[in-house]
A.B. asks: 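The following block contains the structure, expressed as structure tokens.
Note that the numbering runs from 1 along the sequence shown for the chain.
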Amino acid sequence: MTTIIDGKRLAARVREQAAIDVSELVERGVHPHLAVVLVGDDQASATYVRSKLKDCEECGIASQDYKLPSAISQDDLMNLVERLNADPAVTGILVQMPLPAHLDAEKVIAAISPDKDVDGFHPESLGCLVRGLPGLRPCTPAGIMAMLDEYGIELSGKNAVIVGRSSIVGKPMAFMLLERDATISVAHSRTRDIADVCRTADVLVVACGIPKMVQGDWLKPGAVVIDVGMDRDENGKLCGDVDFDSAARVAGAITPVPGGVGPMTRAMLMSNIVQAARLQLGRAL
């Protein structure tokens, strides 16, 4: 029988622990506080922001959202980020992506204080990951690692294939798996015979943004399949980058969409907010 990896159940436990950690910080005089910056009126981004603010409320984390017009200038956005960096009451900063095309997202990410970088996207945060140093990690790969640990999935010596090479998922995922002694392959749009590459995987992480691209016959029997996708199929139904029905007949364990990686990404943001507050407390001592 294929094991269905329940990200929703684990995410609830992660949030419960975050709430406990927040209470302990408050007792020490530290009040975790997230600032969320939303530029423009993209409805999907607005929905994500509402979900994050709701999670903060559930965990006892103070939050404030900054809704900015889509025509805001680069300088005005950077000035807001600098003000949030300088505000000691703000312990975490999240600028919701994507930004309007006229804005340079990389400059904005680099302007966020690394200690407040709860998305884990700052060059310093990613550099700490590459070097194997402590730091804030991108939420989706961190959530995937938590799921693999929860289900007792051994990584040392295993072949891990990641489909997708983004800086948000693919690249940091590769380093996190490498830290755990897996042998890594990263497949992407230029990879030849990508199905054959996927068939080498003991652990397959798919984050390519193409609905149901990975089919069951792309899998090694018994492989662990982590589907990061959040797509719509030809009927408008929510689906992942993996064809769940065919893959579930071959995989040893698989994440569903919805209910897999998505809830864990949100939950790990709460953990990062706690960790950021602790970092700043340590700097102050």
A.B. asks: Can you tell if the side chain of Asp231 reaches within under 4.5 Å of the side chain of Val257, non-hydrogen atoms only?
C.D. replies: no
A.B. asks: Going by heavy atoms in the side chains, are Leu136 and Leu279 under 4.5 Å from each other?
C.D. replies: yes
A.B. asks: Which atoms form the tightest heavy-atom contact between His122 and Pro114, and what is the distance?
C.D. replies: CE1-CG, 3.7 Å
A.B. asks: When clusters are formed by joining ILVMFWY residues with side-chain heavy atoms under 4.5 Å apart, either directly or through shared neighbours, do Ile184 and Val205 land in the same one?
C.D. replies: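 Same cluster.
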A.B. asks: Under 3.5 Å, side chain of Gln280 to main-chain N/O of Ala276, donor-acceptor pair present?
C.D. replies: yes
A.B. asks: Would you check if Val108 and Gln74 make a side-chain contact, meaning some heavy-atom pair closer than 4.5 Å?
C.D. replies: yes
A.B. asks: Could you give all pairs that pass the side-chain hydrogen bond (donor to acceptor under 3.5 Å, both in side chains) test and reach residues 169-194, with sequence neighbours left out?
C.D. replies: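 Every pair satisfying side-chain hydrogen bond (donor to acceptor under 3.5 Å, both in side chains) with a residue in residues 169-194: Asp149-Arg180.
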A.B. asks: May I ask you to decide if Val118's main-chain N or O and Asn272's side chain share a donor-acceptor pair within less than 3.5 Å?
C.D. replies: yes
A.B. asks: Counting N and O atoms only, with roles assigned by atom type, does the side chain of Glu154 sit under 3.5 Å from a partner on the main chain of Ser156, one being a donor and the other an acceptor?
C.D. replies: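 Yes, because the side chain of Glu154 sits within donor-acceptor range (under 3.5 Å) of the backbone of Ser156.
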A.B. asks: Looking at Cys208, is its backbone amide N or carbonyl O close enough to the side chain of Asp241 to form a donor-acceptor pair, meaning the two atoms are under 3.5 Å apart?
C.D. replies: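 Side chain of Asp241 to backbone of Cys208, a donor-acceptor pair under 3.5 Å: yes, one is there.
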A.B. asks: With sequence neighbours excluded, tell me which residues meet side-chain contact (heavy atoms from CB on, under 4.5 Å) with Thr47.
C.D. replies: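 Arg50.
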A.B. asks: Please check this pair: side chain of His33 against backbone of Ala277, looking for a donor-acceptor N/O pair closer than 3.5 Å.
C.D. replies: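 No: the side chain of His33 does not pair with the backbone of Ala277.
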A.B. asks: Could I get the full list of salt bridge (charged side-chain N to carboxylate O under 4.0 Å, His left out) partners for Lys67, not counting sequence neighbours?
C.D. replies: Asp65
A.B. asks: Which pairs with one or both residues in residues 202-227 pass salt bridge (Lys or Arg N to Asp or Glu O under 4.0 Å), sequence neighbours excluded?
C.D. replies: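 Residue pairs passing salt bridge (Lys or Arg N to Asp or Glu O under 4.0 Å), neighbours aside: Asp202-Lys220, Lys212-Asp233.
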A.B. asks: Starting from the C-alpha separation in whole Å, work towards a yes-or-no answer on side chain to side chain contact (heavy atoms under 4.5 Å, CB included) for Asp117 and Glu124.
C.D. replies: CA-CA 10 Å; Asp117 171 37; Glu124 183 173 318; over 6 Å; no
A.B. asks: Side chains of Cys128 and Arg137, heavy atoms from C-beta outward: is any pair under 4.5 Å?
C.D. replies: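 Heavy-atom side-chain distance check passes, below 4.5 Å.
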A.B. asks: Side chains of Leu177 and Leu148: closer than 4.5 Å at any heavy-atom pair?
C.D. replies: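 Answer yes - side chains close enough.
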A.B. asks: Within this structure, what is the CD1-OG1 distance for the pair Ile144 and Thr140, rounded to the nearest 0.5 Å?
C.D. replies: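 It is 6.5 Å, given to the nearest 0.5 Å.
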A.B. asks: Applying side-chain hydrogen bond (donor to acceptor under 3.5 Å, both in side chains) as the test, list every pair that has at least one member in residues 2-12; sequence neighbours left out.
C.D. replies: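 For residues 2-12, and leaving out neighbouring residues, the side-chain hydrogen bond (donor to acceptor under 3.5 Å, both in side chains) pairs sorted by first residue read Arg9-Tyr151.
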A.B. asks: What are the two closest heavy atoms between Pro32 and Ile273, and how far apart are they?
C.D. replies: CB-CG2, 4.1 Å
A.B. asks: Give me the other members of the hydrophobic cluster that Ile4 sits in, counting Ile, Leu, Val, Met, Phe, Trp and Tyr linked by side-chain heavy atoms under 4.5 Å, directly or via other members.
C.D. replies: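 Reading the cluster by chain and number, Ile4 sits alongside Val161, Val163, Ile194, Val197, Leu204, Val206, Ile210, Met213, Val214, Trp218, Leu219, Val225, Val242, Phe244, Val250, Ile254.
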A.B. asks: Shared ILVMFWY cluster between Leu94 and Met268, side chains joined below 4.5 angstrom?
C.D. replies: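 Each belongs to a different hydrophobic cluster.
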A.B. asks: Would you please name every residue forming a salt bridge (charged side-chain N to carboxylate O under 4.0 Å, His left out) with Lys52, sequence neighbours left out?
C.D. replies: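 Counting only residues at least two positions away or on another chain, Lys52 forms no salt bridge (charged side-chain N to carboxylate O under 4.0 Å, His left out).
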A.B. asks: If you look at every heavy atom in Asp119 and Val95, which pair is closest and at what distance?
C.D. replies: OD2-O, 4.2 Å
A.B. asks: Looking at Val186 and Gly164, what are the two nearest heavy atoms and their distance?
C.D. replies: CG1-O, 3.8 Å
A.B. asks: So with a 6.0 Å cut-off around OH of Tyr48, is the heavy-atom count from everything else above 12?
C.D. replies: no
A.B. asks: Taking all heavy atoms of Leu103 and all of Ser73, pick out the closest pair and write down the distance.
C.D. replies: CD2-C, 3.9 Å
A.B. asks: Could you grab the distance from atom CD1 of Ile162 to atom CE of Met173, nearest 0.5 Å is fine?
C.D. replies: 6.0 Å
A.B. asks: Are Leu269 and Val261 linked, directly or through intermediate hydrophobic residues, by side-chain heavy-atom contacts shorter than 4.5 Å (ILVMFWY only)?
C.D. replies: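 Hydrophobic grouping puts Val261 apart from Leu269.
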A.B. asks: Answer whether the closest heavy-atom distance between the side chains of Leu155 and Met145 falls below 4.5 Å.
C.D. replies: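 Yes, at least one pair of side-chain atoms sits under 4.5 Å.
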A.B. asks: If hydrophobic clusters are built by linking Ile, Leu, Val, Met, Phe, Trp and Tyr wherever their side-chain heavy atoms come under 4.5 Å apart, do Met176 and Phe121 end up in the same one?
C.D. replies: yes
A.B. asks: Going through the checks in order, is the side chain to side chain contact (heavy atoms under 4.5 Å, CB included) test met by Ile61 and Thr91?
C.D. replies: CA-CA 10 Å; Ile61 297 168; Thr91 59; over 6 Å; no
A.B. asks: Find out whether Met270 and Val14 are in side-chain contact, i.e. whether some heavy atom of one side chain is under 4.5 Å from a heavy atom of the other.
C.D. replies: no
A.B. asks: With rounding to the nearest 0.5 Å, note down the distance linking CG in Leu38 to CE in Met97.
C.D. replies: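 If I round to the nearest 0.5 Å, the distance is 11.0 Å.
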A.B. asks: State, yes or no, whether a side-chain contact exists between Met147 and Thr255 at a heavy-atom distance under 4.5 Å.
C.D. replies: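 With C-beta onward as the side chain, the pair touches.
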A.B. asks: Scan the side chains in residues 18-26 for donor-acceptor partners under 3.5 Å anywhere in the protein, sequence neighbours excluded, and list what turns up.
C.D. replies:
unit_1 : atom_1 : unit_2 : atom_2 : d
Asp21  : OD1    : Gln17  : NE2    : 2.9
Asp21  : OD1    : Arg278 : NH2    : 3.4
Ser23  : OG     : Ala19  : O      : 3.2

A.B. asks: With sequence neighbours left out, what residues match Glu82 under salt bridge (charged side-chain N to carboxylate O under 4.0 Å, His left out)?
C.D. replies: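 Salt bridge (charged side-chain N to carboxylate O under 4.0 Å, His left out) list for Glu82, sorted by chain: empty.
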A.B. asks: Would Ile153 and Phe175 show up in the same hydrophobic cluster when neighbours are defined by side-chain heavy atoms closer than 4.5 Å?
C.D. replies: yes
A.B. asks: What pairs of residues pass the salt bridge (Lys or Arg N to Asp or Glu O under 4.0 Å) test when at least one of them lies in residues 254-268, not counting sequence neighbours?
C.D. replies: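 Applying salt bridge (Lys or Arg N to Asp or Glu O under 4.0 Å) to every pair that reaches into residues 254-268, excluding sequence neighbours, yields Asp55-Arg266.
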A.B. asks: Could you tell me whether the side chain of Asp87 and the main chain of Arg83 form a donor-acceptor pair under 3.5 Å?
C.D. replies: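 Side chain of Asp87 to backbone of Arg83: no pair is present.
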A.B. asks: Under a single-linkage rule joining Ile, Leu, Val, Met, Phe, Trp and Tyr whose side-chain heavy atoms are separated by less than 4.5 Å, which residues share a cluster with Leu126?
C.D. replies: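 Besides Leu126, the hydrophobic cluster comprises nothing; the residue is isolated.
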A.B. asks: Would Val81 and Val37 satisfy side chain to side chain contact (heavy atoms under 4.5 Å, CB included), going step by step from the backbone distance to the final call?
C.D. replies: CA-CA 9 Å; Val81 171; Val37 179; 5.5 Å; no
A.B. asks: Is there a donor-acceptor pair under 3.5 Å between the side chain of Ser125 and the backbone N or O of Gly120?
C.D. replies: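 Pair absent, no side-chain N/O of Ser125 close to backbone of Gly120.
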A.B. asks: Nearest heavy-atom pair of Val169 and Ala207: which atoms, and what distance?
C.D. replies: CG1-CB, 3.8 Å
A.B. asks: Applying salt bridge (charged side-chain N to carboxylate O under 4.0 Å, His left out), name anything that partners Arg249, two or more places apart in sequence or on another chain.
C.D. replies: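 So Arg249 forms no salt bridge (charged side-chain N to carboxylate O under 4.0 Å, His left out) with any residue.
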A.B. asks: Rounded to the nearest 0.5 Å, how far apart are CD1 of Ile168 and OG1 of Thr265?
C.D. replies: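 Answer for the CD1-OG1 pair, Ile168 versus Thr265, is 10.5 Å.
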A.B. asks: Quick one: does Lys116's side chain have a donor or acceptor within less than 3.5 Å of a partner on Leu84's backbone?
C.D. replies: yes
